[in-house]
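Hydrogens, waters and symmetry mates are skipped; everything else that's a heavy atom, side chains included, is used. First the proteins, then the strands, lettered A, B, ... as listed; each starts at 1.
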Amino acid sequence: MKNRTVMIKNYFKTAFRNLIYNKGYAFINIAGLAVGIAVCILIFIIIQFQTSFDGFHAKKDRIYRVLSESHRADAGGISYEKNVPFLLPDGLKTAFPQLEQVVPIYASHNDELQILDDNGTPVKNFKEQNGVFYTSPTFFNVFDFPLLSGTYESLKDPNNVLLTKEIAETYFGDWKSAVGKTIKITGYYSMGAGLFQFPATPLKVSGILATIPPSTDFQLKLVIAYGTNFTGDKQYGFQQPNWNQSTPDFGCYVLLPPNISADNFNQQLKGYASKLQSVNQKGSYILQSINAVHHDAQTGNYSSKTISKELINVLWLIATFILLIACVNFINLSTAQAVNRAKEVGVRKVLGSNLLQLQTQFLVETFLVVVSAVVLSILITVLALPYANQLLELSLSFNTFSNPAIILFIFAITIIVTALAGFYPSIVLSRLNPVNTLKSKLKASTTKGVSLRRGLVVFQFVIAQVLIIGTFVILEQMDYFMNQPLGFDKNAIVNIPYRPDSTGNNLTDYLKQKLLLNGVQAVSFNSNSPIEENNNTFTKFKFDHAIKDADFQAITKFVDDDYVPTYKLQLVAGKNLKPSPFTQEFLVNESLVKSLGIKNLEDILNKEISIMGGLIKCPVVGVVKDFNDRSLHHGLAPLLMATNSTMYRQASIKLPTVNIASTMQTIQKIWEQTFPNYVYEYRFLDEKIANFYNQESQLAQLYKICAIIAIFLSCLGLYGLASFMAIQRIKEVGIRKVLGASIANIVYLFSKEFIILISIAFLIATPLASYFMNQWLQNYAYQVTIEWWVFASAGFIALLIALLTVSFQAVKAAVANPVKSLRTE
Amino acid sequence: MLLNLKNIYKWYNVGGNRTFILKDINFEVQEGEFISIMGPSGSGKSTLLNIIGMLDEPNEGTYNFLHENVFKLKEKQRAQLYKQYIGFVFQQYHLIDELTVYENIETPLIYQDVKTSERKALVADMLDRFNIVGKKDLFPNQLSGGQQQLVGIARALIAKPKLILADEPTGNLNSKQGEEIMQLFKQLNTEGVTIIQVTHSEKNAAYSSHIVNLLDGVIKR
Ligand SMILES: Nc1ncnc2c1ncn2[C@@H]1O[C@H](COP(=O)(O)OP(=O)(O)OP(=O)(O)O)[C@@H](O)[C@H]1O
Ligand SMILES: [Mg+2]
């Protein structure tokens with residue numbers, strides 16, 4: 001027993017001395033592994049966060065989102081959306097009394113909030129782009145969002161509101177004093193194609209919610225009682241019975257009882273839907289498990305942040321590969337070093353050490369290296385996390401106390417890496433033949449290791465080059481997104497939120513005149529911009545007195561007659577809309593004409609289109625050339641445009657080419673004078689468009705970083721190998737120099753092999769990367785073609801960096817004084 | 001004058017003491033000379049030859065080669081000299097272990113950008129002259145010491161150097177082989193090649209035009 005502890009002590013002692021003795025290699029090994037492990041830990045933290053969304057609700061296994069399943073021409077078959085008809089929750093409740101809970105929820109956007117003091121005079125204005133939800137107390141029976149004060153039940157009464165602690169503090173300074181206070185809310189909601197304002201409504205703060213954790217797609221700020229405003233209004237609001245249209249931003253969640261499975265309930269839902277639908281409807285409803293919501297990029301969610309399962313898999317893959325690259329470095333360096341260790345092994349064997357003891361010895365050494373690397377990697381992780389957070393717009397933390405999974409993960413990594421990196425070298429080293437090793441004739445036995453080492457170097461560079469190519473392709477696609485002509489003018493156009501009043505065109509005409517006097521080039525009032533990401537309202541319509549709706553839906557925009565000139569849209573048939581506060585005429589795009597099966601653009605002119613259940617019926621007066629009315633993730637969709645001054649929500653202002661700053665100041669002054677009760681905001685159109693591709697640009701950053709790390713690690717390995725080679729071949733270098741070799745000759749001697757290896761890696765990486773990246777590009781309606789130069793430059797970069805790394809050692813070897821190496825042994 | 005060494009000192013610090021290997025060496029070589037350096041083992045012959053061959057630097061003194069200060073030569077110029085001027089035969093042969101006999105002999109020609117066909121002819125000629133055609137595909141560790149020495153000499157001569165520096169070129173050869181090598185050297189010398197060799201053998205020294213005796217790092221006349 002005592003003997004064993006001595007032995008183990010001895011293992012660690014020798015291992016430690018060996019590391020100290022080979023400081024250089026130990027450093028390369030530890031640094032490389034640490035970087036690789038740090039990448040793994042970071043990706044683990046990111047994935048852990050991304051897969052934990054809405055996982056903290058106690059009943060999470062029984063919570064489902066109801067999706068509308070519909071058949072839309074442009075989506076090619078079945079498509080799903082998170083919006084459901086307003087009456088669906090009540091309908092479900094009556095039809096399926098077995099449902100434990102049915103939660104209606106409406107996500108409001110761009111609400112204006114006014115803080116009133118005790119006398120009812122306005123004190124402060126705020127604007128919330130999102131985070132304002134209308135829902136019933138049942139929401140809190142399903143989802144776990146603790147209250148700090150007040151009751152969930154207060155949401156049974158209209159005009160009550162729960163605030164989160166943070167919002168209460170922003171609005172009132174101190175959340176405790178917020179309870180009982182009054183906030184006035186102004187906003188709008190859309191029904192069908194229309195945008196409707198609701199009158200300023202006072203809300204009473206009836207409770208305070210605890211801080212909302214980041215890992216939920218319900219980023220609540222204000223939770224307003226269901227039944228307030230348009231959610232309760234039977235005449236103008238959502239309560240109008242209208243089963244055919246799903247209500248924008250309105251969703252439904254259910255809590256299944258434990259004894260009913262989702263599949264089972266989906267069957268019942270289908271039957272229920274088919275009884276409801278009118279003749280021309282083929283839609284249905286389907287349940288989606290809450291844990292799938294965050295990964296469903298297609299339907300989206302209330303946080304507008306999703307991460308697809310594929311991307312998570314890609315992240316895992318990258319993490320694994322980077323770790324493998326780091327392990328490969330270790331394996332390569334250790335087996336290369338076998339030559340130096342040969343004597344030690346020989347002596348130990350002659351002294352009676354057996355294979356197992358030798359292997360243990362080397363594994364202990366590996367373990368020491370890995371443990372040091374893990375410690376360093378934790379440091380790297382902690383330092384890098386803020387940057388990762390900034391890049392990915394997250395607020396992750398490395399907290400081992402509250403997150404035991406991380407400790408487990410790090411522990412597992414330590415074991416796995418020790419095994420991966422240590423196993424093979426320990427076998428190679430322990431198998432060294434004592435007779436050969438003592439005579440130090442290692443030529444024959446090391447050549448086997450050489451071919452494996454070559455294979456591993458190729459493997460490293462395949463990964464590095466795939467990542468480089470991937471980065472280039474994503475960047476190319478981004479570049480395409482940014483610079484592709486969209487069919488309208490997006491430069492120097494600023495959009496400013498606008499609130500219509502009841503004076504028809506008076507307010508818009510007044511503002512237009514004021515703005516034009518102050519030097520802006522053009523002004524248009526409209527419901528939204530030519531291109532939108534999530535803000536498009538699709539509407540059903542009837543064409544030319546048809547009985548049935550057309551079999552596709554069209555995007556509707558309400559725009560004034562200045563929209564066409566401001567955005568430089570091109571009319572290809574008919575004429576522009578005439579100025580009017582009401583809806584009297586339609587403009588359509590070419591795509592709509594084509595989708596209707598009409599060959600000649602002129603033929604659609606003066607035909608009638610009817611929307612909103614016949615509420616609006618007008619003739620088509622013109623056709624605009626197709627422009628991208630949706631982000632380039634999608635193809636362009638059929639489009640209807642009409643005037644209607646109550647639907648305008650923004651002013652689009654084309655700025656002059658000079659004095660932009662002072663013009664912006666003037667605009668702000670005009671706005672603050674005209675709308676004293678609202679927060680002034682502005683947004684440049686090109687910035688808004690760039691924002692559509694935020695996910696892609698984050699992905700590009702991520703790839704870039706991973707590619708850099710992969711290249712760095714691979715080169716670290718090469719550096720070690722080359723320095724090792726330099727020592728090994730120092731005598732040969734000396735001889736060659738005396739035979740007349742120049743420095744260039746020597747560098748070539750060293751680089752030749754690596755050039756071949758990297759070329760092989762290139763040949764493997766190219767088809768691999770082109771396959772994967774073409775898969776990725778399939779996600780987009782508009783794709784770049786991957787040009788040859790992408791591959792060429794990836795190969796070139798890898799080669800160049802590798803050669804620089806190797807040459808550094810090679811030059812060092814080449815300029816060394818030959819006599820030192822040729823001196824008698 | 002081909003080269004001259006002035007006041008050359010070479011020492012090592014062993015255990016805090018300076019051990020002199022070469023002391024105040026003054027030495028001049030004219031083009032076309034055939035010089036033998038002789039002396040007991042450890043007297044500094046190899047060290048001197050290494051300095052002449054620019055493999056080593058003295059601690060003191062000046063060394064001019066073709067009127068150029070050797071210590072100020074650039075790496076490139078030195079490589080150029082090895083390529084075009086100097087052929088080196090090492091006492092320990094110093095063949096490249098990874099290359100075959102054929103490739104070892106061929107290497108200097110590669111560095112001189114000699115065309116492949118010409119290279120073939122030259123190497124074949126050398127193999128033939130040294131009677132090692134049958135060994136051309138063997139690696140150095142498959143050769144006897146004497147054979148390795150022959151390859152080393154062949155390699156030094158193949159590029160037709162104008163100066164041959166040979167450290168015990170016949171140390172591992174039998175007397176007949178040794179004689180043949182000396183004949184070859186003599187003939188090259190009459191063709192104008194300058195030769196400096198280190199040797200223990202009086203017989204070999206007899207081929208040279210001039211003998212330098214080295215004793216404890218000092219030249220004795
Ligand atoms: N690095 C060194 N440190 C200390 N002494 C050295 C070193 N290298 C050579 N010497 C000494 O220099 C002396 C001269 O060596 P050198 O090789 O020139 O002798 P040599 O005359 O060629 O002998 P031989 O006939 O045996 O080849 C020797 O005594 C040797 O011990
Ligand atoms: Mg000697």
If the contact rule is any heavy atom under 4.5 Å from chain A, which residues of residues 149-160 of chain B qualify, in numerical order?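 From residues 149-160 of chain B, the residues near chain A are B:Arg155.
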Supply the atom-to-atom distance [X] [atom1] to [Y] [atom2], rounded to the nearest 0.5 angstrom.
X        : Y        : atom1 : atom2 : result
A:Leu739 : B:Phe88  : CG    : CZ    : 11.0 Å
B:Gln80  : A:Ser742 : CD    : OG    : 9.0 Å
A:Ile735 : B:Thr107 : CD1   : OG1   : 9.5 Å
B:Tyr111 : A:Ile746 : OH    : CD1   : 5.0 Å

Using the test salt bridge (charged side-chain N to carboxylate O under 4.0 Å, His left out), find all partners of A:Arg729 that sit at least two apart in sequence or belong to another chain.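 Salt bridge (charged side-chain N to carboxylate O under 4.0 Å, His left out) list for A:Arg729, sorted by chain: A:Glu732.
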Below 3.5 Å, can you tabulate the donor-acceptor pairs from side chains in residues 119-136 of chain B to any protein atom, sequence neighbours excluded?
unit_1   : atom_1 : unit_2   : atom_2 : d
B:Arg119 : NE     : B:Glu106 : OE2    : 3.0
B:Arg119 : NH1    : B:Val114 : O      : 3.0

Check residues 808-816 of chain A and write down every donor-acceptor pair under 3.5 Å in which the side-chain atom is one partner and the other belongs to a residue at least two apart or another chain.
unit_1   : atom_1 : unit_2   : atom_2 : d
A:Gln809 : NE2    : A:Tyr719 : OH     : 3.1

Heavy-atom count check: over 12 atoms from other residues, nucleotides or ligands less than 6.0 Å from [X] [atom1]?
X        : atom1 : result
B:Gln77  : CD    : yes
A:Phe423 : CZ    : no
B:Phe71  : CZ    : yes

Winner by heavy-atom pair count (cut-off under 4.5 Å) against chain A, out of B:Pro108, B:Gly53, B:Ser46: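 Answer, by heavy-atom pair count under 4.5 Å with chain A: B:Pro108.
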Would you name the heavy atoms of A:Val738 and B:Tyr82 that are closest together and state the gap between them?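 Taking A:Val738 first and B:Tyr82 second, the nearest heavy atoms are O-CB, 3.4 Å.
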Checking B:Leu99 against chain A: side chain, backbone, both or neither under 4.5 Å from a heavy atom?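 The side chain, not the backbone.
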